[in-house]
Amino acid sequence: MQIRPEQLEQHLKRELAPIYFVYGDEPLLVQEACDAIRMQARAAGCAEREVYSVEAGFDWQAFLQAGDSLSLFAERKLVELRIPSGKPGDAGAKALAEYAARPAPDNVLLIMAGKLETAARKSKWHQTLDDAGVVVPVWPLEVKQLPAWASRRMQARGLKPTPEAVSLLVERVEGNLLACAQEIEKLALLHGASEIGVEQVAASVADSSRFDVYTLVDAALEGDTVRVTRILDSLRAEGVEPVLVLWAITRELRLMADCAQAMQRGQSVDGALAAAKVWEKRKPLMRAGLQRHKPVVWRRLLQRAGSIDQLIKGGRAGNVWDELLELSLWIGGVRLHPAVRRVV
């Protein structure tokens, strides 16, 4: 059975499954989900806890024996298996499937892993864990989900934030969920159960936002010009190489140009996206982009990217970051006059 992280609390109030598998690439949410399971396991009598970390040469038979054995000091025990890579290997896959086929009735198995690749999520061992216990996949929060998440967390700590305060907090910690949680804790310590406005957030919350080149591409497709500018400024400040930024943009432009061309030939937008094997969660962004520009514009954007590549390689003069900004804004539907340059 699969459940979302926000459903875990209600599930644990009803029952404690013999197996839990929590995985994802958002460490804070993975850790908090595991903490909730540990707390419920202790309440159910799992006073003993054994932790195993899967590394090269890991003894899977020893893990199976430990999972089957009774606790020496309590009626039940919690066995934790940590697979940071999300890849148990052939021996591990076999061992996990074997355990899931006959989970120990007196123990609780908690498996933690990092991000799983598509092949792992479709594997037999993943399916057996799903059938025998509870699987909790943790996905990074999208930018549109952050305000509601931050607001709920602030209210849980007794804070009463204004919408403007939440917006400022999210802006300063976007892409860094752990920093967001830490800043909320700091606000709670500083102000207690009180109203929180923009002034309190501005005074105590540092700018801990983190972005990557893929976030920039999504912001450009979405047409969020303010966010595009912030992300590019952040990437530049962090020392990200312009060639990496251009690579991500060009990769997306090729995909968009191909989809636009397919639509020009009579294919539906859904058919073009399916043929390009676009992830379901990215389809709304790409639909918006395909509606914004005609095929000829996507080809011109690719040509512009080629011109920036020449600049990076020293083939012509110019400010590469200004031109990356112009290209990103153009993707979002905003054209800057060539004479317009930011003061940086």
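Along the sequence shown, the residues carry numbers beginning at 1.
- Between His126 and Lys122 the shortest side-chain heavy-atom distance does not fall below 4.5 Å.
- Each of Lys283, Lys277, Arg282 was checked for a salt bridge (Lys or Arg N to Asp or Glu O under 4.0 Å) with Glu280, and the lone residue meeting it is Lys283.
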Problem set entry | Candidate pair Glu98 and Thr128, rule side-chain contact (heavy atoms from CB on, under 4.5 Å), full reasoning | CA-CA 9 Å; Glu98 181 179 337; Thr128 56; over 6 Å; no
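- At least one side-chain heavy atom of Cys180 sits less than 4.5 Å from a side-chain heavy atom of Trp149.
- Under a hydrophobic-cluster definition in which Ile, Leu, Val, Met, Phe, Trp and Tyr are linked whenever side-chain heavy atoms come within less than 4.5 Å, directly or via other members, Tyr214 and Leu327 are assigned to the same cluster.
- When side chains are defined from C-beta on, Leu141 counts as touching Leu29, because their heavy atoms get closer than 4.5 Å.
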Exercise. Please walk me through it: do Ile111 and Leu129 pass side-chain contact (heavy atoms from CB on, under 4.5 Å)?
Worked result: CA-CA 10 Å; Ile111 306 170; Leu129 294 176; 3.9 Å; yes
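- Neither Val143 nor Leu28 shares a network with the other; the hydrophobic side chains, linked directly or stepwise wherever heavy atoms of I, L, V, M, F, W or Y lie under 4.5 Å apart, form separate groups for each.
- Closest non-hydrogen pair, Trp60 versus Gly92, comes out as CE2-CA, 3.2 Å.
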For this session: For side-chain contact (heavy atoms from CB on, under 4.5 Å), just list the numbers for Val51 and Arg82, CA-CA rounded to whole Å, side-chain angles, deciding distance to a tenth of an Å, and then say yes or no.
Result: CA-CA 8 Å; Val51 180; Arg82 300 176 180 176; 3.7 Å; yes
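- Inter-residue side-chain proximity for Leu96 and Leu81 is flagged as met; some heavy-atom pair is nearer than 4.5 Å.
- Looking only at atom types and distance, the side chain of Glu171 has no donor-acceptor partner in the side chain of Ser167 under 3.5 Å away.
- Put simply, the side chain of Glu252 never gets that close to the backbone of Ile249: no donor and acceptor are under 3.5 Å apart.
- With values rounded to the nearest 0.5 angstrom, Ile308 atom CD1 is found 12.5 Å from Gln303 atom CD.
- In plain terms, the two heavy atoms of Ala276 and Cys259 that are nearest each other are CB-SG, 3.8 Å.
- Residues Leu325 and Val334 are members of one and the same hydrophobic cluster, defined by side-chain heavy-atom contacts under 4.5 angstrom among Ile, Leu, Val, Met, Phe, Trp and Tyr.
- By the criterion of side-chain heavy atoms lying less than 4.5 angstrom apart, applied directly or through intervening Ile, Leu, Val, Met, Phe, Trp or Tyr residues, Trp247 is grouped together with Phe211 in one hydrophobic cluster.
- Atoms OG and CG, on Ser328 and Leu216 in that order, are 4.5 Å from each other to the nearest 0.5 Å.
- Between Glu241 and Arg236 no salt bridge is recorded (no basic side-chain N to carboxylate O distance below 4.0 Å).
- Side-chain N/O atoms of Ser204 and Gln200 include no donor and acceptor closer than 3.5 Å.
- Taking the six-membered ring where tryptophan is involved, the planes of Tyr99 and Phe63 are tilted, since the angle between them lies from 30° to 60°.
- Ionic pairing of Glu323 and Arg316 is present here: one or more N-O contacts between side-chain nitrogen and carboxylate oxygen are shorter than 4.0 angstrom.
- Here Lys77 does not pair with Asp106 in a salt bridge; the nearest charged N to carboxylate O distance is not below 4.0 Å.
- Smallest separation of non-hydrogen atoms from Val22 and Cys34: CB-SG, 4.0 Å.
- The number of heavy atoms from other shown groups lying within 6.0 Å of CE (Met39) does not exceed 12.
- With hydrogens and angles ignored, the 3.5 Å screen pairs a side-chain donor or acceptor of His293 with a backbone N or O of Ile331.
- Nearest heavy-atom pair across Pro103 and Ala100 is CD-O, 3.3 Å.
- Of the inter-residue distances, the one linking Leu177 atom CG with Gln182 atom CD reads 10.5 Å to the nearest 0.5 angstrom.
- Comment: Asp258 does not engage Arg254 in a salt bridge, judged by the lack of any side-chain N to carboxylate O separation of less than 4.0 angstrom.
- Using a 4.5 Å heavy-atom threshold, the side chains of Val134 and Ile19 count as separate.
- The aromatic rings of Phe21 and Tyr23 sit tilted, their planes meeting at an angle between 30° and 60°.
- Around atom CZ of Arg121, more than 12 heavy atoms belonging to other residues, nucleotides or ligands sit under 6.0 Å away.
- Checking side-chain atoms of Gln155 against main-chain N and O of Arg152 turns up no donor-acceptor pair under 3.5 Å.
- Ala150 and Leu169 make their closest contact through CB-CD2, 4.3 Å (heavy atoms, listed as atom of the first residue, atom of the second, distance).
- In this structure, Glu174 pairs ionically with Arg230, as a charged nitrogen and a carboxylate oxygen lie closer than 4.0 Å.
- Defined by atom type and a distance below 3.5 Å, a donor-acceptor pair is missing between the side-chain atoms of Arg227 and Thr215.
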Exercise. Taking it one step at a time, do Arg76 and Val108 satisfy side-chain contact (heavy atoms from CB on, under 4.5 Å)?
Worked result: CA-CA 8 Å; Arg76 309 181 70 184; Val108 175; 3.8 Å; yes
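- With sequence neighbours left out, Asp25 forms a side-chain hydrogen bond (donor to acceptor under 3.5 Å, both in side chains) with no residue at all.
- The pair Arg172-Glu183 does not count as a salt bridge, with every side-chain nitrogen at least 4.0 angstrom from each carboxylate oxygen.
- Atom CZ of Arg153 is separated from atom OG of Ser151 by 12.5 Å, given to the nearest 0.5 angstrom.
- Distance CE/Met263 to CG/Leu290: 5.0 Å, rounded to 0.5 Å.
- For the pair Gln2 and Asp130, the minimum side-chain heavy-atom distance is below 4.5 Å.
- Using a cutoff of 4.0 Å between basic side-chain nitrogens and carboxylate oxygens, Lys13 and Glu9 are scored as salt-bridged.
- For Gln145, the CD atom is densely surrounded, since the number of other residues' heavy atoms within 6.0 Å is greater than 12.
- Between Arg38 and Asp35 there is a salt bridge, with a side-chain nitrogen of the basic residue lying less than 4.0 Å from a carboxylate oxygen of the acidic one.
- Residues Arg299 and Gln261 have side chains in contact (heavy-atom distance under 4.5 Å, counting atoms from C-beta outward).
- With salt bridges taken as basic N to acidic carboxylate O contacts below 4.0 Å, one links Arg4 and Glu6.
- Tyr20 pairs in a side chain to side chain donor-acceptor pair (under 3.5 Å) with only one of the listed residues (Glu80, Gln40, His11), which is His11.
- The environment of Lys124 atom NZ is sparse: at most 12 non-hydrogen atoms of other residues, nucleotides or ligands sit within 6.0 angstrom.
- Separating the CZ atom in Arg292 from the CH2 atom in Trp330 is a distance of 13.5 Å, to the nearest 0.5 Å.
- Shortest non-hydrogen contact noted between Asn319 and Leu311 is C-CD2, 3.9 Å.
- Side chains of Leu110 and Val79 form no contact here, defined as non-hydrogen atoms less than 4.5 Å apart.
- Leu190 and Met154 fall into different hydrophobic clusters, where Ile, Leu, Val, Met, Phe, Trp and Tyr residues are linked whenever their side-chain heavy atoms come under 4.5 Å apart, directly or through other members.
- In this structure, Asp59 has no side-chain hydrogen bond (donor to acceptor under 3.5 Å, both in side chains) partners at least two apart in sequence or on a different chain.
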